[in-house]
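Below: the structure, in structure tokens.
Numbers for residues simply follow the sequence, beginning at 1. Each ligand, and each atom within it, is numbered from 1 in the order the structure gives.
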Amino acid sequence: MARRPLVAGNWKMHGLQSASGEFDKIVAGARSLPGVELMVCPPATLIAGFAAAARGSSVLIGAQDCHALASGAYTGDISAEMLKDAGAAAVIVGHSERRHYHGETDATVRAKALAAKRAGLLAIVCVGETRAERDTGRAAAVVRAALDGSVPDDLVDFVVAYEPVWAIGTGLTPTPADVGDMHRVIREWLGSRPGKAGERTRILYGGSVTTANAKELLAVDNVDGALVGGASLKAQDFLAIARAYR
Ligand code: 13P
């Protein structure tokens with residue numbers, strides 16, 4: 001089954017209203033990239049504005065996190081329903097920065113993935129090993145366990161993002177062979193789920209994807225796209241990474 005590549009930009013905590021010009025360039029560039037799904041995940045403050053600017057284009061807007069509940073006395077939190085209402089089509093859950101800085105466990109991530117489903121958002125579930133886990137030969141087991149714990153059994157439409165923690169923001173990447181090995185592990189894990197998850201679910205690679213390495217990394221078997229951090233902040237670089245699929 002052919003899976004349409006997805007190139008998503010995770011802007012993290014970057015971007016003021018003045019960043020809309022950069023976003024407009026992405027929307028314009030998307031017209032010449034019909035074969036690739038492009039998504040930008042800006043800070044929550046920019047979601048509604050970007051969604052309005054993207055209307056009529058193929059560019060999707062994603063959020064970076066959500067609360068598990070639809071509403072309630074949770075000062076500062078934002079629910080999946082609110083993100084949907086603001087114009088988001090997807091939400092990243094379980095990014096390693098959320099797991100690390102906010103103490104999110106697999107159970108938290110699972111609850112957030114369920115919230116995404118409830119609200120009608122595509123959940124992008126992130127998993128990845130630390131350097132120590134890779135060095136001690138535990139990377140595949142760690143990723144499998146994170147998937148077991150973070151992906152609800154009845155989640156049908158979702159995306160897995162494999163982001164080795166040690167590759168995020170460091171300029172380091174696994175070799176294409178290592179990426180291929182891990183994406184095969186994830187593909188096999190998906191194959192054990194009900195329905196057609198094994199074939200249809202996209203697996204993104206994330207961690208120091210740049211214009212220089214995109215072609216090599218995105219050509220690997222079972223790499224159905226990228227989750228791009230730093231390099232997604234510049235429209236020109238983000239579009240060049242997406243063009244790796246041409
Ligand atoms: P960098 O591309 O900046 O390494 O970030 C990757 C990432 O965390 C995307 O979610």
Subject >> Distance (rounded to the nearest 0.5 Å) between C66 SG and M82 CE >> reply: 11.5 Å

Original post:
So which bit of N10 gets within less than 4.0 Å of ligand 1, heavy atoms only: side chain, backbone, both or neither?
Top reply: side chain

**OP:** Report, in ascending order of atom number, the atoms of ligand 1 lying under 4.0 Å from any heavy atom of H95.
**Re:** 7 (C), 8 (O), 9 (C), 10 (O)

Subject >> Closest non-hydrogen atom pair, I61 against A54 >> reply: CD1-CB, 4.4 Å

**OP:** May I ask you to identify the nearest protein heavy atom to atom 5 (O) of ligand 1, giving residue, atom name and distance to one decimal place in Å?
**Re:** K12 NZ, 3.2 Å

Original post:
Ion pair present between D135 and R131, side-chain N to carboxylate O less than 4.0 angstrom?
Top reply: yes

**OP:** Could you tell me the residue and atom name of the protein heavy atom closest to atom 4 (O) of ligand 1, and the distance to it rounded to 0.1 Å?
**Re:** G169 N, 2.6 Å

**OP:** Check whether any heavy atom of A231 sits under 4.0 Å from an atom of ligand 1.
**Re:** no

**OP:** Would you mind checking which non-hydrogen protein atom is closest to atom 9 (C) of ligand 1, with the distance to 0.1 Å?
**Re:** E163 OE2, 2.9 Å

**OP:** Looking only at non-hydrogen atoms, find the nearest pair between L204 and L6 and report the distance.
**Re:** CD2-O, 3.5 Å

**OP:** Write out the residue and atom name of the closest protein heavy atom to atom 3 (O) of ligand 1, then the distance separating them to 0.1 Å.
**Re:** G230 N, 2.8 Å

Original post:
Where is the nearest protein heavy atom to atom 2 (O) of ligand 1: which residue, which atom, and how far?
Top reply: G229 N, 2.9 Å

**OP:** Report, in ascending order of atom number, the atoms of ligand 1 lying under 4.0 Å from any heavy atom of L227.
**Re:** 9 (C), 10 (O)

Original post:
Considering all heavy atoms of both residues, which atom of A86 and which atom of A51 are nearest to each other, and what is their separation?
Top reply: O-CB, 3.7 Å

Subject >> For V143 against G128, the heavy-atom pair lying closest together >> reply: CG2-CA, 4.2 Å

**OP:** Assert yes or no for the condition that the ring centre distance of W11 to F238 is strictly below 6.0 Å.
**Re:** no

